[in-house]
Amino acid sequence: MTKTGDNKPQKTDVKVSLIGGHRLKGETLHERTLTASLIGGADIDLTDIDIPDGAELRVTKLSLIGGVSLRVRPDVAVEVHGVRLGGVKDDGPSEPGGPTVRIDAWGLLGGVTVTRG
């Protein structure tokens, strides 16, 4: 992972499907990930990777129907942006000063649920 401000170019993963969501594990992701589908959400598990403090991992989800289910460690701050009909469920980080995961969720229907542990 590249910390914000490093001179290294950031890699972007692109996952596209017509129908059906995407299941993403942390070890297969780079600093930026784009997941796009007509119908289907994104199930993202980042509990097994070490995101350095101060680093930002960014995931963009585009779909008409489908939300985001995100699993992170307790110290990870999650920022949710974008436009969608559906809420955000996140109790916030239980420990201060950790890394940040930014979710940009764009779609018609589907919320964002963050699970910590």
Side-chain angles (χ1 to χ4, degrees):
M1 301 242 159
T2 304
K3 286 189 177 185
T4 305
D6 284 354
N7 291 331
K8 291 187 208 175
Q10 293 185 341
K11 295 181 181 179
T12 301
D13 292 319
V14 178
K15 312 285 184 189
V16 179
S17 68
L18 200 53
I19 297 176
H22 298 103
R23 179 160 292 174
L24 307 170
K25 298 285 274 176
E27 66 270 3
T28 62
L29 297 178
H30 290 102
E31 292 86 4
R32 296 175 185 257
T33 299
L34 169 66
T35 159
S37 61
L38 187 60
I39 299 173
D43 183 12
I44 306 166
D45 185 350
L46 302 177
T47 55
D48 291 339
I49 64 166
D50 183 30
I51 305 169
D53 285 351
E56 180 181 271
L57 183 72
R58 189 175 229 169
V59 177
T60 302
K61 194 244 356 136
L62 306 169
S63 66
L64 284 178
I65 300 171
V68 176
S69 174
L70 175 66
R71 282 179 294 286
V72 294
R73 295 186 332 251
D75 65 329
V76 175
V78 177
E79 296 179 2
V80 179
H81 302 273
V83 176
R84 72 228 158 268
L85 293 176
V88 176
K89 183 177 184 273
D90 180 15
D91 295 330
S94 59
E95 301 172 18
T100 300
V101 173
R102 178 182 168 131
I103 301 292
D104 293 309
W106 300 91
L108 187 57
L109 293 174
V112 177
T113 302
V114 179
T115 306
R116 297 177 182 281

Student: Rounded to the nearest 0.5 Å, how far apart are CD1 of Ile19 and CG of Leu38?
Tutor: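 The CG atom of Leu38 is 6.5 Å from CD1 of Ile19, to the nearest 0.5 Å.
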
Student: Do Asp75 and Pro93 come within less than 4.5 Å of each other through their side chains, counting heavy atoms only?
Tutor: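 No, too far: nothing below the 4.5 Å cut-off.
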
Student: How would you list all residue pairs meeting salt bridge (Lys or Arg N to Asp or Glu O under 4.0 Å) that involve residues 105-114, not counting sequence neighbours?
Tutor: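 Salt bridge (Lys or Arg N to Asp or Glu O under 4.0 Å) check on residues 105-114 returns no pairs.
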
Student: Which donor-acceptor pairs under 3.5 Å do the side chains of residues 105-115 make with protein atoms, sequence neighbours left out?
Tutor:
none

Student: Ignoring hydrogens, what is the shortest heavy-atom contact between Ser37 and Gly20? Give both atom names and the distance.
Tutor: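 Shortest heavy-atom separation between Ser37 and Gly20 comes out as CB-O, 3.6 Å.
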
Student: Applying side chain to side chain contact (heavy atoms under 4.5 Å, CB included) between Glu79 and each of Val101, Val88, Thr100, Asp104, report the one that passes.
Tutor: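 When side chain to side chain contact (heavy atoms under 4.5 Å, CB included) is applied between Glu79 and each of Val101, Val88, Thr100, Asp104, only Thr100 qualifies.
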
Student: Applying the side chain to side chain contact (heavy atoms under 4.5 Å, CB included) test to Leu57, which of Val72, Thr33, Val78, Leu46 qualifies?
Tutor: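 Only match with Leu57 under side chain to side chain contact (heavy atoms under 4.5 Å, CB included): Leu46.
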
Student: Would you mind reporting whether Ile49 and Lys25 have side-chain heavy atoms less than 4.5 Å apart?
Tutor: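 They are not in side-chain contact.
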
Student: Side chains of Asp43 and Leu24: does their closest heavy-atom pair fall under 4.5 Å?
Tutor: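 A side-chain contact is absent here, since even the closest heavy-atom pair is not under 4.5 Å.
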
Student: List for me each residue that meets side-chain contact (heavy atoms from CB on, under 4.5 Å) alongside Leu34, sequence neighbours excluded, and say none if there are none.
Tutor: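 side-chain contact (heavy atoms from CB on, under 4.5 Å) check on Leu34 returns Val14, Thr60, Leu62.
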
Student: Give every residue pair that meets the side-chain hydrogen bond (donor to acceptor under 3.5 Å, both in side chains) criterion with at least one member in residues 82-92, sequence neighbours excluded.
Tutor: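 Qualifying pairs, neighbours excluded: Asp90-Arg116.
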
Student: Locate the shortest heavy-atom distance separating Ile51 from Arg73; write the atom from each residue and the value.
Tutor: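 Looks like N-NH1, 3.5 Å.
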
Student: In chain order, what residues pass the side-chain contact (heavy atoms from CB on, under 4.5 Å) check against Thr35, with sequence neighbours excluded?
Tutor: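 Applying side-chain contact (heavy atoms from CB on, under 4.5 Å) to Thr35 gives Lys15, His22, Ala42, Val59, Lys61.
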
Student: Salt bridge or not for Arg32 and Asp13, using N-O below 4.0 Å?
Tutor: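 So Arg32 does not pair with Asp13 through a salt bridge.
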
